[in-house]
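What follows is one structure encoded as structure tokens, with my remarks underneath.
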Amino acid sequence: MSEAKVSVLDWGFLHSDATYDTVHVWDGRFFRLDLHLDRFFRGMERLRMKISYSRAEIEGILANCVALSGHKSAYVEMICTRGASPTFSRDPREAENHFMAFAVPFGSVANKEQLERGLHIAVSDTVRIPPKSIDPSIKNYHWLDLVKGLFDAYDRGAETALVVDTDDNIAEGPGFNVFTVKGGRLRTPGYGVLQGITRQTVFDLCAELDWPVTIGDLRPEQLKAADEVFITSTAGGIMPVTKVDYEEIGDGKIGPVTRQLTDLYWGKHADPAWSTPVTYPDVPVERD
Ligand code: PLP
């Protein structure tokens, strides 16, 4: 990892002109790799980027990164940057797009203690960059709003943040989507958010359980009045929230819906319909 490099002239670095995706490996298996690759290829197409690797080749590169790293639980990132033009042209059509991938140990939005007692979240009045500026369904590195939200949250003694959309509805957080549970019905914002793969996985689990989910606007008051709140991310899965802006959610404890979905979510990581095994080398990788 310490030898991975990107040119300072790459528009990915200079202008945040890039798309990426992150998939995780749990217990030696990729989770829903196909959905992550679909989103990554869709993003590149919308940004008019082209790389010379096929989907199968990228799958091979990602598996190789994990196998060579030896990590059994990993956070695996694939990135396509605009790159730079060989003649320093300012025309993005002339840039040579650049593909990169890496695997690092699995990381989570919430630590062990937070997973056991629920996260404390603050709602920042920072507005997430609107879809008319940046299409949020293209996974991107426009994070200044999310990072500002994080600092707002820390200033208020919270552990992470949610930012709002242009109508002050709840949007998403730094690297996660959000759900509420009220009277047995789940709700998650639909506007101005990344369509997370973990969010999709919650929809799929709810379909199996025959539980109703509504995709729609979520007011900050609705969030605070919910019976349960949880967030979803490849970096941690389904994670409970028990406090919003100093107020306890429900009875302040992790609720039964969140617990059941979390158990089902992790159970699916061994299911061949939802996961793909990584083949590790027999011989341990030698490191300097
Ligand atoms: N929203 C944003 C802004 C993200 O960056 C992410 C993931 O990094 C998510 C939501 C959650 O998406 P996923 O479940 O695909 O990890």
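As the structure lists them, so they are numbered: ligands from 1, and atoms in each ligand from 1.
- Both tests hold for Lys72 against Tyr280: distance to the six-membered ring centre under 6.0 Å, angle to the ring axis within 45°.
- On a distance-only criterion, Arg39 and ligand 1 share at least one N/O pair closer than 3.5 Å.
- For CG of Leu14, the number of neighbouring non-hydrogen atoms (other residues, nucleotides, ligands) closer than 6.0 Å is greater than 12.
- In this structure, the protein non-hydrogen atom closest to atom 15 (O) of ligand 1 is Ile197 N, 2.7 Å.
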Determine, step by step, whether Asp165 and Arg128 satisfy the salt bridge (Lys or Arg N to Asp or Glu O under 4.0 Å) criterion, reporting the C-alpha distance in whole Å, the side-chain angles of both residues, the deciding distance to 0.1 Å, and the verdict. CA-CA 6 Å; Asp165 69 17; Arg128 182 74 170 126; over 6 Å; no
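- Here Arg39 pairs with Asp21 in a salt bridge; the nearest charged N to carboxylate O distance falls below 4.0 Å.
- In Leu194, the part holding a heavy atom less than 4.0 Å from any atom of ligand 1 is the side chain.
- Crowding of Phe13 atom CZ: a count of heavy atoms from other residues, nucleotides or ligands under 6.0 Å not exceeding 12.
- Counting atoms of ligand 1 from 1 in the listed order, those under 4.0 Å from a heavy atom of Arg128 are 3 (C).
- The protein heavy atom nearest to atom 12 (O) of ligand 1 is Gly196 CA, 3.4 Å.
- Residues Arg259 and Ile254 are in side-chain contact: their nearest non-hydrogen atoms beyond the backbone lie under 4.5 Å apart.
- Scanning the protein for heavy atoms near atom 4 (C) of ligand 1, the closest one is Gly175 CA, 3.4 Å.
- Nearest heavy-atom pair, Met1 versus Phe102, reported as atom, atom and distance to 0.1 Å: SD-CB, 3.5 Å.
- Taking every heavy atom of Thr234 and a limit of under 4.0 angstrom, the matching atoms of ligand 1 come to 13 (P), 14 (O), 15 (O), 16 (O).
- Contact analysis puts Asn177 in contact with ligand 1, with a non-hydrogen atom separation below 4.0 angstrom.
- Under 4.0 angstrom from ligand 1, the non-hydrogen atoms of Trp143 all belong to its side chain.
- Where the criterion is an N or O separation shorter than 3.5 Å, residue side chain and backbone included, His36 fails it with respect to ligand 1.
- Within the structure, ring-ring contact (aromatic ring centres under 6.0 Å, His included) contacts touching residues 182-202 (residues at least two apart or in different chains) do not occur.
- Residue Glu172 places at least one N or O, backbone or side chain, under 3.5 Å from an N or O of ligand 1.
- Here the closest non-hydrogen pair linking Asn177 and Val193 is ND2-CB, 3.9 Å.
- In terms of protein heavy-atom proximity, atom 7 (C) of ligand 1 is closest to Lys139 NZ, 2.9 Å.
- What sits closest to atom 14 (O) of ligand 1 on the protein, heavy atoms only, is Thr198 OG1, 2.6 Å.
- For a threshold of 3.5 Å applied to N or O pairs, the pair formed by Ala235 and ligand 1 contains no separation below that value.
- In this structure, the ring of Phe230 has its center no less than 6.0 angstrom from the ring center of Phe176.
- Using a 4.0 Å cut-off between heavy atoms, His142 makes no contact with ligand 1 at all.
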